[in-house]
Colleague: 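One structure, as structure tokens, below. Some questions next.
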Amino acid sequence: MITSERLDRLAPYLFAELERKIADKRGQGVDVISLGIGDPDTPTPGLAADELGRAAHDPGTHQYPSNRGRPELREALARFYERRFGVALDADTEIVPALGAKECVFNINLAFLDPGSSALASDPGYPVYTSGPLLAGAEVDLMPLLAERGFAPDLDAISPAARERARLMFLNYPNNPTGAVVPDGLFEAAVEFGRVNDVLIVHDASYTETTFGGYVAPSFLETPGAKDVGVEIFSLSKGYNMTGWRTAAIVGNADAVAAYWKLKTNIDSGMFEAVQLAAAAVLDGGDDVAREMSAIYERRRDLVVGALAEIGVPVAAPRATIYVWAPVPEGHTSASYCELVLEQSGVVVSPGGSYGPNGEGFFRISLTVPDERLTEAMQRLRSSLAR
Ligand SMILES: Cc1ncc(COP(=O)(O)O)c(C=O)c1O
């Protein structure tokens, strides 16, 4: 069997590897606690399930959905953006639903990249920012995210050659995996960069609804001029415990949204309309859910940061996301440390190097396990790894 060259360009998907390791250990009878994957452990809000149940009984939702999305969902997204971010969106031309942010991040590469062109991607970053361009037959130019710059890329440092071939730039704040919030001036600089270099700025807003200590995450589209050069991908997965529902949307620049839609009509047949109506209900009525979830993650964040400090791993408490990004102890690589943690304590954490070369030297803890399991995981880390 001959697989495609484009598939050969990819490293195995990080979480597929993690799932395999977890299954191995469990097979050996180890009570594994996985802090590897960011997948909310608490149920999807009742209002989503209630609306899904109601809408699923309506035969009007049973046929092929339109890829443009039901007006109810697009209008709910427009209301949400207005209420939450003060951003006005045209529900007819500036919004298209996506089957999760992952699908959207991937497909936007197919819509905008050709061989020889590239996407600028954060390093470390969500793996699809680098695998997507490669699968599209194009290239990736990495933008280092360094702790000393608040995990913001230095846009001035992007080489003339990289500017020349770039058509897309992926940004993501609040950020996975670093937990950083957007540094002052970055979105403004990105708008200018997009304008001068004719690069579409794609802001992945998957974590804007999970914030702590009064921090309120902005939309990229709040930035003056952003809609001229960019789009935002908003996902309901993390903020509203809806990872299994595959609900997201691309919003912003009408030409870019139309290009994505044109591509998508050739690839999939849209989101089950009952799910679209459920997502609309959450966007209209789910503000409390996101706040309650943030309070839960903030408590867990404090638990993890405190336990890490006790075992000699200092980390600044993140102001958003469901992750803690921590330096590996001296003498280890990210991978060797994560192997050791799994071997000695049955706890899975993600090696920073899997998110890009500049993730090396870090590991990521996900806060999406119940408090008791997280406490147990940190106790195991403490007893087996205290230095
Ligand atoms: C930055 C980022 N973007 C996108 C996704 C995928 O989100 P979705 O469930 O909407 O596909 C994730 C999931 O971890 C993520 O961290």
Side-chain angles (χ1 to χ4, degrees), residues 6 9-10 13 67-69 73-74 77 81 87 89-90 93-123 125-143 153 162-163 165-173 175-176 187 190-191 193-195 197-208 219-221 223 226-238 246-271 356:
R6 85 176 62 82
R9 295 179 86 191
L10 300 185
Y13 193 64
N67 248 325
R68 282 219 53 72
L73 175 55
R74 286 185 278 113
L77 279 156
Y81 259 74
V87 169
L89 291 171
D90 182 326
T93 59
E94 295 179 334
I95 300 176
V96 165
L99 300 171
K102 186 175 187 178
E103 174 261 289
C104 191
V105 168
F106 171 69
N107 276 327
I108 204 154
N109 291 288
L110 290 182
F112 284 90
L113 300 184
D114 290 311
S117 64
S118 81
L120 293 158
S122 311
D123 159 30
Y126 179 57
V128 187
Y129 306 145
T130 45
S131 62
L134 296 182
L135 283 171
E139 307 301 323
V140 181
D141 286 304
L142 296 177
M143 303 185 293
R163 284 165 193 257
R165 67 178 187 169
R167 289 194 194 156
L168 296 174
M169 175 190 285
F170 289 110
L171 293 176
N172 161 228
Y173 293 93
N175 184 260
N176 173 21
F187 283 164
V191 168
F193 186 96
R195 201 181 54 73
N197 297 290
D198 197 10
V199 166
L200 181 72
I201 310 298
V202 181
H203 180 242
D204 180 342
S206 287
Y207 296 95
T208 52
S219 159
F220 170 64
L221 297 177
T223 316
K227 224 196 266 181
D228 298 334
V229 295
V231 287
E232 184 153 270
I233 301 172
F234 183 81
S235 171
L236 282 78
S237 282
K238 314 289 176 154
R246 315 314 301 133
T247 45
I250 184 170
V251 305
N253 184 279
D255 293 338
V257 169
Y260 166 79
W261 177 53
K262 179 178 176 187
L263 176 93
K264 205 170 149 57
T265 53
N266 287 283
I267 292 184
D268 65 60
S269 298
M271 190 190 297

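Residue numbers count from 1 along this sequence. For clarity, every value in this text was computed on a predicted model and none was experimentally measured.
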Colleague: Residues two or more places apart in sequence or in another chain: which of them pass salt bridge (charged side-chain N to carboxylate O under 4.0 Å, His left out) with Glu232?
Modeller: none
Colleague: To the nearest 0.5 Å, how far apart are CG in Leu171 and CG in Leu168?
Modeller: 11.0 Å
Colleague: Look at the side chain of Asp255 and the backbone N and O of Ala259, then say whether any donor-acceptor pair between them is shorter than 3.5 Å.
Modeller: no
Colleague: Taking atom CG of Leu89 and atom CG of Leu221, what is their separation to the nearest 0.5 Å?
Modeller: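 So the CG of Leu89 and the CG of Leu221 are separated by 6.5 Å.
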Colleague: Could you pull out all residues at least two apart from Ser235 that satisfy side-chain hydrogen bond (donor to acceptor under 3.5 Å, both in side chains)?
Modeller: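 Ser237.
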Colleague: Holding to ring-ring contact (aromatic ring centres under 6.0 Å, His included), I want the full list of residues that pass it with Tyr129, two or more places apart in sequence or in another chain.
Modeller: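 Only Tyr126, Phe170 meet the ring-ring contact (aromatic ring centres under 6.0 Å, His included) criterion with Tyr129.
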Colleague: What residues, two or more places apart in sequence or in another chain, satisfy side chain to side chain contact (heavy atoms under 4.5 Å, CB included) together with Thr130?
Modeller: Ala121, Val140, Leu142
Colleague: Could you tell me whether the side chain of Val231 reaches within less than 4.5 Å of the side chain of Ile108, counting heavy atoms only?
Modeller: yes
Colleague: Taking side chain to side chain contact (heavy atoms under 4.5 Å, CB included) as the definition, give me every residue that meets it alongside Phe106, ordered by chain and number, with sequence neighbours left out.
Modeller: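 With neighbours one apart ignored, the set is Leu110, Val128, Leu135.
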Colleague: Looking at side-chain heavy atoms only, is the closest gap between Asn107 and Ile267 below 4.5 Å?
Modeller: yes
Colleague: Below 4.5 Å, heavy atoms only, C-beta onward: do Val96 and Arg74 meet side chain to side chain?
Modeller: no
Colleague: If you compare all heavy atoms of Leu10 against all heavy atoms of Ser131, which two are closest, and at what distance to 0.1 Å?
Modeller: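 That would be CD2-CB, 3.7 Å.
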Colleague: Once you round to the nearest 0.5 Å, how far does OG of Ser206 lie from CG of Asn176?
Modeller: 8.5 Å
Colleague: Check this for me, if you would: do Lys227 and Glu94 make a salt bridge, where the nitrogen-to-carboxylate-oxygen distance has to be below 4.0 angstrom?
Modeller: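 Yes.
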Colleague: Looking only at heavy atoms, which two atoms of Pro97 and Arg68 are closest? And how far apart?
Modeller: CD-O, 3.2 Å
Colleague: For Ala256, does its backbone N or O pair with a side-chain atom of Asn253 as donor and acceptor, under 3.5 Å?
Modeller: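 Such a contact is found between Asn253 side chain and Ala256 backbone.
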Colleague: Where does the angle between the aromatic ring planes of Tyr173 and His203 fall among parallel (under 30°), tilted (30 to 60°) and perpendicular (over 60°)?
Modeller: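 Judged by the thresholds at 30° and 60°, the geometry between Tyr173 and His203 is parallel.
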Colleague: If you look at every heavy atom in Asn266 and Lys262, which pair is closest and at what distance?
Modeller: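 Of all heavy-atom pairs spanning Asn266 and Lys262, the closest is ND2-O, 2.9 Å.
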Colleague: Salt bridge (charged side-chain N to carboxylate O under 4.0 Å, His left out): which pairs involve residues 130-139, sequence neighbours left out?
Modeller: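 Checked against salt bridge (charged side-chain N to carboxylate O under 4.0 Å, His left out) - neighbours excluded - the pairs reaching residues 130-139 are Arg9-Glu139.
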Colleague: Tell me, please, which residues at least two apart from Arg6 pass salt bridge (charged side-chain N to carboxylate O under 4.0 Å, His left out).
Modeller: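 None.
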Colleague: Salt bridge (charged side-chain N to carboxylate O under 4.0 Å, His left out) with Arg167: which residues, sequence neighbours excluded?
Modeller: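 Applying salt bridge (charged side-chain N to carboxylate O under 4.0 Å, His left out) to Arg167 gives Asp114.
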Colleague: Between the main-chain N or O of Val105 and the side-chain N or O of Asn109, is there a donor-acceptor pair closer than 3.5 Å?
Modeller: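 Such a contact is found between Asn109 side chain and Val105 backbone.
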Colleague: Shortest non-hydrogen contact from Leu200 to Gly230?
Modeller: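 Taking every non-hydrogen atom into account, CD1-CA, 3.9 Å.
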Colleague: Going by side-chain hydrogen bond (donor to acceptor under 3.5 Å, both in side chains), name the residues that satisfy it together with Asn67, two or more places apart in sequence or in a different chain.
Modeller: none
Colleague: Excluding sequence neighbours, so at least two apart, what forms ring-ring contact (aromatic ring centres under 6.0 Å, His included) with Tyr207?
Modeller: Tyr323
Colleague: Applying side chain to side chain contact (heavy atoms under 4.5 Å, CB included), can you list everything that pairs with Ala258, at least two apart in sequence or on another chain?
Modeller: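 Here no residue qualifies.
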Colleague: Quick one: side chain to side chain contact (heavy atoms under 4.5 Å, CB included) partners of Ala166, sequence neighbours excluded?
Modeller: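 Per chain and number, Ala166 pairs via side chain to side chain contact (heavy atoms under 4.5 Å, CB included) with Ser118, Leu120, Val199.
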